[in-house]
Amino acid sequence: MGLKELARAPGPKIGNFIVEFATPGIGHILKAAGLDFAFFDMEHSGFSFETLKSAVRYFEAARVPLVVRVPAQENDMLARACDMGAEGLIAPMISTAAQAQAMVDSVKYFPDGKRGVGLQMAHDNYRAAPVADALKAANDRTAVICLIETAEGAENADAIASVNGVDGLWVGHFDLSVSLGIPGEFNHPKFTAAIDRTIKAAKKHGKFLGRLVPSADAGIAVYKDGFDFICYSGDIWVLRDGLAAAARAIREGAK
């Protein structure tokens with residue numbers, strides 16, 4: 001099931017944030033855990049495009065749809081990730097409809113966008129096809145996901161979601177709280193109002209909606225609020241916290 005098919009499926013879609021372990025087995029590990037997708041982060045991880053190109057194959061082999069956050073909004077970042085085979089594209093700090101349209105233009109081929117054409121390469125599995133068919137297949141496959149993580153972006157959520165070619169919105173909760181001047185205050189009225197605007201925009205325009213959560217309880221809560229892509233924690237913290245809990249339990253039991 002591809003990312004767009006997954007988005008149309010009912011119920012919560014559960015993923016994991018990949019920021020450290022781009023290992024050959026990572027896709028199969030997530031699949032074995034029963035996860036639905038992965039969020040591969042290039043903004044904060046230091047992952048290179050060469051690493052991304054390998055990681056795309058790891059997730060493809062496990063049949064786990066992959067969302068990739070590139071480091072910046074620039075065309076060469078988005079288009080290059082597409083050429084590596086990224087299925088869902090996220091760029092940071094999308095704050096206006098014009099920026100959302102620029103994302104669409106970078107990710108989509110003619111007639112839906114302005115992406116530079118490179119065919120029979122990684123993103124189309126090196127297969128030959130009539131040009132028009134290849135462009136359409138790529139446009140049908142790729143998803144544009146706008147990261148709402150500024151006060152301006154939350155204010156403009158409705159306009160951003162209305163852009164033709166935008167498939168989903170994603171909330172960057174920490175950066176959004178900082179932009180609102182209330183770092184980490186996720187229960188503050190300013191933050192909850194910004195989240196409400198984003199949820200309403202996604203629902204109004206039929207876009208899927210995602211965010212990271214630190215716990216299962218938080219995932220359940222945001223799903224009930226209207227988020228359907230629930231990215232539970234990240235590879236670093238799952239490993240660290242799981243080991244820490246086990247170590248504490250062993251030490252306590254050995255007293």
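Residue numbers run from 1 in the order of the sequence given. Computed from heavy atoms alone, side chains included, the values below leave out hydrogens, waters and symmetry copies.
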Open item on the list: Is the shortest side-chain heavy-atom distance between M77 and F49 below 4.5 Å?
Closed with: yes

Task: salt bridge (Lys or Arg N to Asp or Glu O under 4.0 Å) evaluation trace for E50 with K53 - done: CA-CA 5 Å; E50 192 68 26; K53 190 172 184 178; 6.0 Å; no

Open item on the list: When you measure from the side chain of S177 to the backbone of E185, do you find a donor-acceptor pair of N or O atoms at a distance under 3.5 Å?
Closed with: no

Task: K200 side, atom NZ; L209 side, atom CG - distance, nearest 0.5 Å - done: 13.5 Å

Open item on the list: How long is the straight-line distance from CZ of R57 back to CE of M84, given to the nearest 0.5 Å?
Closed with: 10.0 Å

- [ ] Assign the ring pair F47 / F40 to parallel, tilted or perpendicular, where the plane angle (0 to 90°) is split at 30° and 60°.
- [x] parallel

Open item on the list: Please check if the number of heavy atoms outside N164 that lie under 6.0 Å from its CG is greater than 12.
Closed with: no

Task: Donor-acceptor pair, side chain of H205 and main chain of I160, under 3.5 angstrom - done: no

Task: L169 to A161 - nearest heavy-atom pair and separation - done: CD1-CB, 4.0 Å

- [ ] Search all heavy atoms of V56 against all heavy atoms of A86 and return the closest pair with its distance.
- [x] CG2-N, 4.2 Å

Task: Flag, side chain of D235 to backbone of E20, donor-acceptor distance under 3.5 Å - done: yes

TODO: Mark yes when over 12 heavy atoms from residues, nucleotides or ligands other than R63 sit less than 6.0 Å from its CZ; otherwise mark no.
DONE: no

Task: Closest approach of V144 to M103 (non-hydrogen atoms, all atoms of both residues) - done: CG1-CE, 3.8 Å

TODO: Report yes or no: does D124 contribute a side-chain atom to a donor-acceptor pair with the main-chain N or O of Q120 at less than 3.5 Å?
DONE: yes

Open item on the list: Working to the nearest 0.5 angstrom, can you tell me the gap between K4 NZ and D167 CG?
Closed with: 4.5 Å

Open item on the list: So does E152 get a backbone contact from the side chain of N156, meaning a donor-acceptor N/O pair under 3.5 Å?
Closed with: yes

Open item on the list: Within this structure, what is the CZ-CG distance for the pair F21 and N16, rounded to the nearest 0.5 Å?
Closed with: 10.5 Å

Open item on the list: Can you confirm whether N187 is buried at CG, in the sense that more than 12 heavy atoms of other residues, nucleotides or ligands lie under 6.0 Å from that atom?
Closed with: no

TODO: State the CG-NZ distance between D36 and K13, to the nearest 0.5 angstrom.
DONE: 8.5 Å

Open item on the list: Measuring from atom OG of S95 to atom CD1 of I148, what distance do you get when rounded to the nearest 0.5 angstrom?
Closed with: 7.5 Å

TODO: Determine whether the side chains of S106 and K114 contain a donor N or O and an acceptor N or O closer than 3.5 Å.
DONE: no

TODO: Would you sort out whether K255 and E252 count as a salt bridge (Lys or Arg N to Asp or Glu O under 4.0 Å), showing the intermediate values?
DONE: CA-CA 6 Å; K255 287 181 181 179; E252 186 63 30; 3.1 Å; yes

Task: K190 versus H188, closest heavy-atom pair with distance - done: N-ND1, 3.0 Å

Open item on the list: Do L89 and C82 make a side-chain contact, defined as non-hydrogen atoms from C-beta onward lying under 4.5 Å apart?
Closed with: yes

Open item on the list: Quick check against the 3.5 Å criterion: does Q73 have a side-chain atom that pairs as donor or acceptor with the backbone of P92?
Closed with: yes

Open item on the list: Among D83, D105, N139, which residue satisfies the side-chain hydrogen bond (donor to acceptor under 3.5 Å, both in side chains) criterion with R115?
Closed with: D83

Task: Flag, side chain of S162 to backbone of A159, donor-acceptor distance under 3.5 Å - done: yes

Task: Nearest heavy-atom neighbours spanning P65 and M1 - done: CG-O, 3.3 Å

TODO: Step through it carefully: locate the ring centre of F227, locate the ring centre of F208, and say whether they are under 6.0 Å apart.
DONE: no

